[in-house]
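Structure first, then comments.
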Amino acid sequence: MSLMADPEIVDLYVLRRFVTAPAAFVQMVVTLYESAPPRRMQTPGGRLMSSEMTNCGALGWVSDHAGYRYVTQDPLTGSAWPEMPEAFRDLAGRAALAAGFGIFEPDACLINCYRGPAQMGAHRDADERDFSQPIVSVSLGAPAYFLWYGAQRRGSPAKLWLESGDVVVWGRSARKGYHAVQRPQGEVRYNLTLRKAG
DNA sequence: GAGTTTCG
DNA sequence: GCGG
């Protein structure tokens with residue numbers, strides 16, 4: 001267990017049960033799905049990711065054969081991504097403050113839906129312009145293990161059990177840390193990843 | 001470069 | 001298509 005020995009782990013915070021009404025957030029996600037349907041994106045290598053994604057906010061993260069990037073319009077509908085609900089921005093701002101990252105004003109919210117065996121392999125959030133801004137990750141629905149690898153994609157990760165309403169915030173030395181998500185321990189798990197992308 | 005069924 |  002290198003959890004305490006890893007210097008960047010101090011820049012990763014777990015705010016347990018930070019969301020007071022997770023069910024209301026799930027309902028907002030379902031409403032957003034009406035204008036920006038969840039879809040499985042393709043990796044640059046041509047494989048389908050197992051989680052279903054969509055976005056809200058001025059910028060939305062997409063992946064396809066051409067690579068990873070943020071775009072202002074949903075490739076599926078041709079329209080702008082739906083506006084980010086105030087409750088999302090407010091929650092992210094309060095979480096970043098609580099974790100000691102100061103004022104945080106996200107312009108992008110990636111919404112992931114993990115159903116059944118869906119998972120997310122080890123990666124890092126590295127498509128944003130300003131790495132001084134933290135990442136705020138909100139867990140909703142079924143619990144799942146979150147794996148934190150840190151600076152190196154190899155080795156044994158720290159394993160965090162995340163439940164509905166838990167919020168993870170990372171930045172500074174941990175900003176570009178590798179992480180992964182295991183399959184949900186239940187039917188469906190949603191995750192909001194709030195970022196200052198532009 | 002966010003992929004690969006829980007494998008027995 | 002490369003590179004990240």
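In what follows, chains are A, B, ... by sequence order, proteins preceding strands, each numbered from 1. What's counted below: heavy atoms across the whole structure, side chains too, no hydrogens, waters or symmetry copies.
- We find that A:Arg39 and A:Asp74 are joined by a salt bridge, their nearest charged nitrogen and carboxylate oxygen being less than 4.0 Å apart.
- Put simply, CD on A:Gln119 is 12 Å from P on B:dA2, counting in whole angstrom units.
- Near-neighbour residues of DNA chain B inside residues 46-62 of chain A, defined by a heavy atom below 4.0 Å, number-ordered: A:Arg47, A:Leu48, A:Met49, A:Ser50, A:Trp61.
- Between the C1' atom of B:dT4 and the CE atom of A:Met120 lies a distance of 15 Å, rounded to the nearest Å.
- For DNA chain B, the residues of residues 125-132 of chain A within the heavy-atom distance limit of 4.0 Å (strictly under) are A:Asp125, A:Asp127, sorted by number.
- At a non-hydrogen distance threshold of 4.0 Å, A:Arg195 from residues 185-198 of chain A come into contact with DNA chain B.
- How far CE of A:Met53 is from CG of A:Asn112: 4.0 Å, rounded to the nearest 0.5 Å.
- Between A:Arg40 atom CZ and B:dA2 atom P the separation is 14 Å, expressed in whole Å.
- Nearest heavy atom pair, residue A:Thr54 against residue A:Ala36, reads OG1-O, 2.9 Å.
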Criterion salt bridge (Lys or Arg N to Asp or Glu O under 4.0 Å) on A:Glu163 and A:Arg17, from CA distance to verdict: CA-CA 8 Å; A:Glu163 299 182 335; A:Arg17 304 292 177 154; 2.5 Å; yes

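- A:Gly45 comes within 4.0 angstrom of no nucleic acid atom, judged by non-hydrogen atoms across all strands.
- Summarising the geometry, the separation between CG on A:Asn112 and C1' on B:dA2 is reported as 9 Å, rounded to the nearest angstrom.
- Applying the ring-ring contact (aromatic ring centres under 6.0 Å, His included) test to residues at least two apart or on different chains, the pairs with a partner in residues 109-141 of chain A are A:His123-A:His179.
- A distance of 11.0 Å separates CZ of A:Arg195 from CG of A:Leu59, quoted to the nearest 0.5 Å.
- Judged by distance alone, with hydrogens and angles left aside, the side-chain atoms of A:Lys196 form a donor-acceptor pair with the main-chain N or O of A:Gly198 at under 3.5 Å.
- Screening residues 15-42 of chain A for ring-ring contact (aromatic ring centres under 6.0 Å, His included), with sequence neighbours left out, gives A:Phe25-A:Phe88.
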Polar-atom pairs under 3.5 Å, protein N or O versus N or O of nucleotides 5-8 of chain B: list them with distances, or write none.
unit_1 : atom_1 : unit_2   : atom_2 : d
B:dT6  : OP1    : A:Arg183 : NH1    : 2.8
B:dT6  : OP1    : A:Arg183 : NH2    : 3.0

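- At whole-Å resolution of the value, NE2 in A:His65 and P in B:dG3 are 19 Å apart.
- Checked by atom type, the side-chain pair A:Tyr145/A:Gln185 shows no donor-acceptor distance below 3.5 Å.
- The heavy-atom pair separating A:Pro38 from A:Glu52 by the smallest distance is CB-CB, 3.9 Å.
- Whole-Å rounding puts the A:Tyr114 OH to B:dG3 P distance at 9 Å.
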Worked check of side chain to side chain contact (heavy atoms under 4.5 Å, CB included) between A:Val168 and A:Leu162: CA-CA 9 Å; A:Val168 182; A:Leu162 297 182; 3.7 Å; yes

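- The residue A:Thr43 sits close only to the backbone: its heavy atoms come under 4.0 Å of sugar-phosphate atoms, none of a base.
- Between A:Gly100 and A:Arg172, the shortest heavy-atom distance links the atoms O-NH1, 3.3 Å.
- In summary, the side chains of A:Ser173 and A:Asp11 do present a donor paired with an acceptor at a separation below 3.5 Å, with no hydrogens or angles considered.
- Atom CD1 in A:Ile135 sits about 13 Å away from atom C1' in B:dA2, given to the nearest Å.
- Counting all heavy atoms, side chain and backbone alike, A:Pro106 lies closest to A:Ala92 at CG-CB, 4.0 Å.
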